[in-house]
Every structure is written in C-alpha cells, then in structure tokens.
Amino acid sequence: MASIGVGIANVVCAIVLLAAGAMKLGHLSVFGQQITAYQIIPDRLARVAGYVLPPIEVLLGISMLFAPQLAAAAVFLFASFALAVGFNVLRGRTDLRCACFGVTGQYTISWAHVAGNAILALLATITFVGHHCPSFIAFQIGVSTLLVIALGAAWRAMAPPLQSGGNQKP
C-alpha cells in the first residue's frame, strides 16, 4: 500500500513538471524576463534559466516515472520555486506573475504558490525516499487526482465574481 502512495506522489510531481515545462517551451525568452523580475539571481543568469529550466522540467518529469531517484532534482526545483516566490511575497511584490504553467498566466504570486510548491517538494521527497516506480494503479490515481484539481481550478476561474453589499443591480 505504501508503494502506491509513493507512486502517486511520483506521478503527481512528474506530470506537474512535464506540463509546466511544456507550457513554457514556446516562450523561453519571456520566461527568462519573468525570472529576472523576481530579482533573486543576477539578470544574465535569470535569462539563461528561462531557456534552460523548461526543457529540464519536461525531461525531469518524464524521467521521474522511470527513475524515481531523480526526484532529488525535483525537490531542489520545487523548493527553489517556493523560496523565490516566498521572498517576493515577503517583499510585498505580489504583482509578479506566477508563470508556473506558462508565461501567459493571469495569476500573481501569493502564499498559496509557496504552499503549493512546498507540497510538491514534499511529494518529490516522498518519491525520492520511497524509490518506487509508479504502478499502473498509482499512475491512474495520480492522473485522476490532477484532473480533479484542474477541473476545480477551471470551475473556480469560470465562476462570476462575488458582488459586495447592497450595490448589486438586478
């Protein structure tokens, strides 16, 4: 039963990395500019990271399914993302775009992004320590979990904004 949990953690991390990297591949220079805006690493290094990180995310996402020991790299990535976002939230720079799943996203950074990356780092740690390739059932559960989360996010995005107080017009 524990191997199924490790497998689910592996699949969740792998698919998140694969999707996040793939959605950035067409806009590498823009992604580098977004990394530069975080003001965590020198500008030149940030621009290079914009070109290097998305392919690494894609390759790591695929590779983790077959070599769970590579989850150590995923722990490093997710923890780095959490720290970069966390430092900027602490600085009050919450107007920065997340760019988690591509550069065209509308979402600005918040503590929720820090928590999400911390949870993904924990799942990657579980994968690394557990050292199990996902079984078919773990793969199905992991994919289903992500689909439910994606549907929930889409539903939330489609909901009309809440109106405040008595200023509503019929």
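- Side chain of Arg93 to main chain of Val85: no donor-acceptor pair is present (N/O by atom type, distance under 3.5 Å, no hydrogens or angles).
- With hydrogens and angles disregarded, no donor-acceptor distance shorter than 3.5 Å links the side chain of His27 to the backbone of Lys24.
- With rounding to the nearest 0.5 Å, the separation of CD1 in Ile56 from CG in Leu17 is 11.0 Å.
- Scanning both residues, Val58 and Ala22, for their nearest heavy atoms gives CG2-N, 3.4 Å.
- The CD1 atom of Ile15 lies 11.0 Å from the CD1 atom of Ile62; values are rounded to the nearest 0.5 Å.
- Between Tyr51 and Ser29, some side-chain heavy-atom pair lies under the 4.5 Å cut-off.
- Contact record, Ile126 with Ala9: CG2-CB, 4.2 Å, taken as the closest heavy-atom pair.
- Atom CZ of Arg47 and atom CD1 of Ile41 lie 10.5 Å apart (nearest 0.5 Å).
- Annotation: the span from Ser144 atom OG to Ile8 atom CD1 amounts to 9.5 Å, rounded to 0.5 Å.
- Grouping the Ile, Leu, Val, Met, Phe, Trp and Tyr side chains by contacts below 4.5 angstrom, directly or via other members, places Val52 with Phe81.
- There is a path of hydrophobic side-chain contacts, each under 4.5 Å, that joins Leu146 to Leu120.
- A continuous path of hydrophobic side-chain contacts links Leu147 to Val12 [ILVMFWY only; heavy atoms under 4.5 Å].
- At least one donor-acceptor pair under 3.5 Å links the side chain of Asn10 to the backbone N or O of Met64.
- Atom CG of Leu45 sits about 12.0 Å away from atom CD1 of Ile40, to the nearest 0.5 Å.
- Heavy-atom minimum distance, Phe128 versus Gln69: CD1-O, 3.2 Å.
- Atom CG in Leu53 sits 6.5 Å away from atom CG in Leu77 (nearest 0.5 Å).
- Residues Cys13 and Leu123 share a closest heavy-atom pair of SG-CB, 3.6 Å.
- Residues Thr94 and Ser110 form no side-chain contact, since every pair of their non-hydrogen atoms from C-beta on lies 4.5 Å or further apart.
- When the side chains of ILVMFWY residues are joined at heavy-atom separations under 4.5 Å, either directly or via intervening members, Leu59 and Leu70 end up in two distinct hydrophobic clusters.
- Nearest heavy-atom pair, Leu25 versus Pro54, reported as atom, atom and distance to 0.1 Å: CD2-CB, 3.8 Å.
- Note: the hydrophobic cluster containing Phe31 also contains Met23 (ILVMFWY, side chain heavy atoms under 4.5 Å, direct or indirect links).
- The two residues Ala124 and Phe78 have their closest heavy-atom pair at CB-CD1, 4.3 Å.
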